[in-house]
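What follows is one structure encoded as structure tokens, with my remarks underneath.
All chains are named by letter (A, B, ...) in the order of the sequence lines, taking the proteins before the strands, and each is independently numbered beginning at 1.
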Protein chains: 2
Amino acid sequence: MKKSELSLRTDEVLIHEGQTNARLFTLLSGWAFRFKTLSDGRRQILSFLLPGDFIGVQQKMADAAAHGVTTLTDAVFCVFQRDALWTLHRQSPSMGFNVTWLTAHEESLVDDNLLSVGRRNAQERIATLLIQLYKRMAAIQTDNTTEDGVPFPLTQQHIADSLGLSLVHTNKTLRKLEQLGLHRIENGRLYLRDVMALERMADLYGDGRPPQRPLV
Amino acid sequence: MKKSELSLRTDEVLIHEGQTNARLFTLLSGWAFRFKTLSDGRRQILSFLLPGDFIGVQQKMADAAAHGVTTLTDAVFCVFQRDALWTLHRQSPSMGFNVTWLTAHEESLVDDNLLSVGRRNAQERIATLLIQLYKRMAAIQTDNTTEDGVPFPLTQQHIADSLGLSLVHTNKTLRKLEQLGLHRIENGRLYLRDVMALERMADLYGDGRPPQRPLV
DNA sequence: CGAAATGTTGACTATATTCAAGGCAAGTGG
DNA sequence: CCACTTGCCTTGAATATAGTCAACATTTCG
């Protein structure tokens, strides 16, 4: 496929909020997140982006209001041409199908988060987030280390903005879960100490193991 | 395209929560909504479905946890074959492209709602919802009646479940906005009395006029 | 080393939830 | 036709969860 590569460092902007004709990207390595803000600065993180995720389909659609994308770590992106989305569908239906798949999958992540933010309390939200990020990371990791930790570059501010909580309340809840022995975050890595208890708290139904995903 | 039709009455289930191999649908007429529930019954409405919306792409993807779909009014659906999604991409790239477009558009609706639920207070959430539904309906209506009202089949329970609020608080907030002269809901129709004030309250940026949408 | 970002904690406040009770309108069965 | 039920809307009072403010500790980084 036609492309080039783009490297960004931690906390740099890939797509500005409101930008409507951004190019298409794939995240090759590192973490990023999508977000929206209100005019007074309140920010909502919509979803976290991990390697393999597709970026920019919504902006291509020149839709209602767009969202921004910023890196959480140093990251490398695969850059597509401006009209790549249409070209891709025409030249390779199977690739087009995969794009639809990835877009739908991306939406289901947002659905999950909306359920949390709308209907779970702070403890439940955090438990849910920790489990989901842990599972997504575990599914991606090439080195199948059975030891607990996965990389975890989020600050508490990111967690708060993702879950619709204040920073202070996020901190207190996080500490409480840690004191209950459910998890630990240390040196940018997340360790789940009591997965059963976390899952009970999160009330996960279909236990959501990440499905096989196509590569684009 | 290959299909049949399906008619449901108000408050009937199109797709059960957890169902993973549902067929593909398009909503031809009427209203419906997508939702998830927690095991203790707390429900979150993810998005409202209006004529022209595409249904079931996520379930096709056998993803994490699926969502349910229920009608809000009598509704008619266009039913596709089981493997329609792949066939469609292969036989008609432009249709495949449209499906991607619709899926991305659907996600942006969820994004908007997540911003509301995560970062807006009750007044702001309700103002945002009223404006968005009003605009979506207005964009669809064939008879270009300039008079205010659009159909509005939601109960306050639906509004509450969509915005992550309790029924009681939704009711009180709704009444306050009505007393401020911002809107009126009567006989299943929604009237916006002071659009400017509502938009100020909702803090809409890109003012989100609905884009041209492809038909599937 | 000092500055800036991030994390931690307590006290106070506010927004939203829960509980409880009642009203109104539409539909049902005797 | 009328009691009776049911679903939806409305309201007030008590409670709880989460937000705000403020201060300080700790870590990171230039």
Round to a whole Å and report the spacing from [atom1] of [X] to [atom2] of [N].
X: A:Asn171; N: C:dA11; atom1: CG; atom2: C1'; answer: 16 Å
X: A:Glu186; N: C:dG7; atom1: CD; atom2: C1'; answer: 14 Å
X: B:Gln157; N: D:dC9; atom1: CD; atom2: P; answer: 9 Å
X: A:Lys176; N: C:dT8; atom1: NZ; atom2: C1'; answer: 15 Å

- Query: For A:Gln156 and C:dT8, is the shortest distance between a side-chain N/O and OP1 or OP2 below 4.0 Å?
  - Reply: yes

- Does B:Arg175 place a side-chain N or O at less than 4.0 Å from the phosphate oxygens OP1/OP2 of D:dC9? no

- Pair A:Tyr191 and A:His183, ring centroids less than 6.0 Å apart: no

- Message: A:Ser47 vs A:Arg34, test: side-chain hydrogen bond (donor to acceptor under 3.5 Å, both in side chains). Steps then yes/no.
- Response: CA-CA 6 Å; A:Ser47 64; A:Arg34 305 190 305 117; 2.9 Å; yes

- Note on the structure: Letter by letter from the 5' end, nucleotides 13-30 of chain D scores (B base, S sugar-phosphate only, - none; protein heavy atoms under 4.0 Å) B----BSBB---------

- Under 3.5 Å donor-acceptor, B:Arg125 side chain and B:Leu165 backbone: no

- Task: Just do the side-chain hydrogen bond (donor to acceptor under 3.5 Å, both in side chains) check on B:Glu17 and B:Thr37 with the steps written out, would you?
- Result: CA-CA 8 Å; B:Glu17 212 177 347; B:Thr37 56; 2.7 Å; yes

- Query: Any side-chain heavy atom of B:Leu114 within less than 4.5 Å of one from A:Gln44?
  - Reply: yes

